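Given the structure is predicted, the values throughout are model-derived calculations rather than measurements.
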Amino acid sequence: MTAPRVRFAPSPTGYLHIGGARTALFNWLYARRHGGTFVLRIEDTDRERSTQVAVEAILEGMRWLGLDWDEGPGVGGPHGPYFQTERLDVYRAHADRLVREGKAYACYCGKEELDVLRKQAEGEKRQFRYPGTCRGKPYDPSRRHVIRLVVPETGATSFDDLVKGTISTPHDTLQDEVILRGDGMPLYNFGAVVDDVTMEINLVARGDDHVNNTARQILIYQALGYPVPAFAHLPMILGADRTRLSKRHGATNLMSYRDMGFMPQALVNYLVRLGWSHGDQEIFTLQELVELFDWKQVGATAGVFNPDKLLWVNHQWLRALSDDELAARALPHFTAAGLPAADDQKLRLIVRQLRERAKSFVEIVQQARCYYAPIQLDEKARSKHLTAEARPLLKAVRDGVAGMEAMELPALERLFAEVAAAAGLGLGKVAQPARVALTGGTASPGIHDVVQILGKAETLARLDAALALIG
RNA sequence: GGCCCCUUAGUCUAGCGGUUAGGACGUCGCCCUCUCACGGCGAAGACAUGGGUUCAAUUCCCGUAGGGGUCACCA
């Protein structure tokens, strides 16, 4: 088989969203799997909505996920330019040829008059189709016009989708489509086809909201006399209510997941499993995915985005990190939260304890807050554990710690055990009050670890404060 | 509404004519235990529905219902 050339062609009208990221990922995986080429093309012909900021945001998202492109913005390539607005002459040339060959024609109908017809059809509960008024009219470049493709009225166009199987579209549901606007801008279907042809794309993989465009595009390929590529339409990602994923369902901006403390590997892992599978395996590295990816395993059904599962996947990735890596990656989130953490031994002790307890960097920060800021004493925890009965126990722990040189785990374990034994109580009777005094709450890593993280001075200070509080 | 696509537990999925319908997230219970996690064990929970085809349908075909997508001088 010839090496695949695939592309991801976002329009820069906003940030890179979850769905787009998955489309890009599948394309990238396919290209890498077969030693093909992954092209990034920016479809910015909607001048109203396209922005440079959005272009940057999309590139940033791609880089964050680790999806590098072989041709496109920044890297160039032999089929450039890769911004559609820089390719207007290409579309014009192709459109002119179609007009010359009688496969397309200039249409002088105003938008307003067509809207009237549209309304009328709507009123009669009729399907509106452009009536072909300008078919056969002579070409007059001096009048403002659009270019329409001559679409057959009978028959049907079908294709074999790599994920959905054979899909057929009757021509009577189509119309003489506009391929070039009055201002010379190509319409989506035309621009995409001309670019895919000139960029030698041989497999088009995109969201299945494009299924209905495919027949129209195939008609354009045929009018142009070019080979039709293969198609793969990926099912949509839905929200919990099974409607198209949107802001209402939570964050759809890929990069906001970075800010929420997710690892890019986790997003890739989760996104690929939403619609693709390899037996019972849940966790995949990018390398594994490159080796295993296959359209055959891509499901045809839309999937609901499940934040809980994403969090679980993220946890799997997080806990697999070494202490050093985990600390380094978590640090920016501490800083963002305004906590004075540094990449030091203390941070490493903290992340070592929190890797099993926190599923994201943000959760790590939440759970580690008490080691960098004054404790926020939970009232229920205080009334239950910082009691008169607990006072002598805390005092004993305090004095024990005061008498120790360094905060070594074995010594701390001995201390807490001795205090409990001396009082004839279980370890919990000592540990819980101490935990509340030291962290402000009832949930934390092992009490010895907490003391070690806090260090001698801070431990004593917090214990004294608790003692004073009890009175 | 027309057209197109989809349909295994709450969710993601395995399955590709004969299985006690498997795994994962989540939920619940028990164990471990200084709390919380982690881990271990266990439980509840699915083939939308009606017809065919077949010795045999979750699996193949058709209808119905439900869901999604799309019907622009947007992409």
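Between Asp195(A) atom CG and A75(B) atom P there is a gap of 12 Å when expressed in whole angstrom units. Residue Asp449(A) contributes atom CG, which lies 17 Å from atom P of C38(B) at whole-angstrom precision. Separating the CD1 atom of Ile167(A) from the P atom of C6(B) is a distance of 7 Å, rounded to the nearest angstrom. Whole-Å rounding puts the His448(A) NE2 to C34(B) P distance at 9 Å.
One cannot find a donor-acceptor pair under 3.5 Å joining the base of G39(B) and the side-chain atoms of Glu356(A).
The pair Asp378(A)-Lys380(A) does not count as a salt bridge, with every side-chain nitrogen at least 4.0 angstrom from each carboxylate oxygen.
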Assign a letter to each nucleotide of nucleotides 20-30 of chain B from its 5' end: B, base within under 4.0 Å of a protein heavy atom; S, sugar-phosphate only; -, no contact. --BBBBS----

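Ser277(A) comes within contact range of the sugar-phosphate backbone alone, with a heavy-atom separation under 4.0 Å but no base atom that close. Residue Gly299(A) is out of contact with every strand shown, counting any heavy-atom pair closer than 4.0 Å.
Contact between the side-chain N/O atoms of Arg242(A) and the OP1/OP2 oxygens of C12(B) is found at a separation under 4.0 Å. OP1 or OP2 of U70(B) has at least one side-chain nitrogen or oxygen of Arg244(A) nearer than 4.0 Å. Side-chain nitrogen and oxygen atoms of Arg319(A) include none within less than 4.0 Å of the OP1 or OP2 phosphate oxygen of A37(B). For G67(B), the OP1/OP2 oxygens have no side-chain nitrogen or oxygen of Thr243(A) closer than 4.0 Å.
Comparing Thr301(A) and Arg435(A) along RNA chain B, the residue whose closest nucleotide (by nearest heavy atom) sits nearer the 5' end is Thr301(A).
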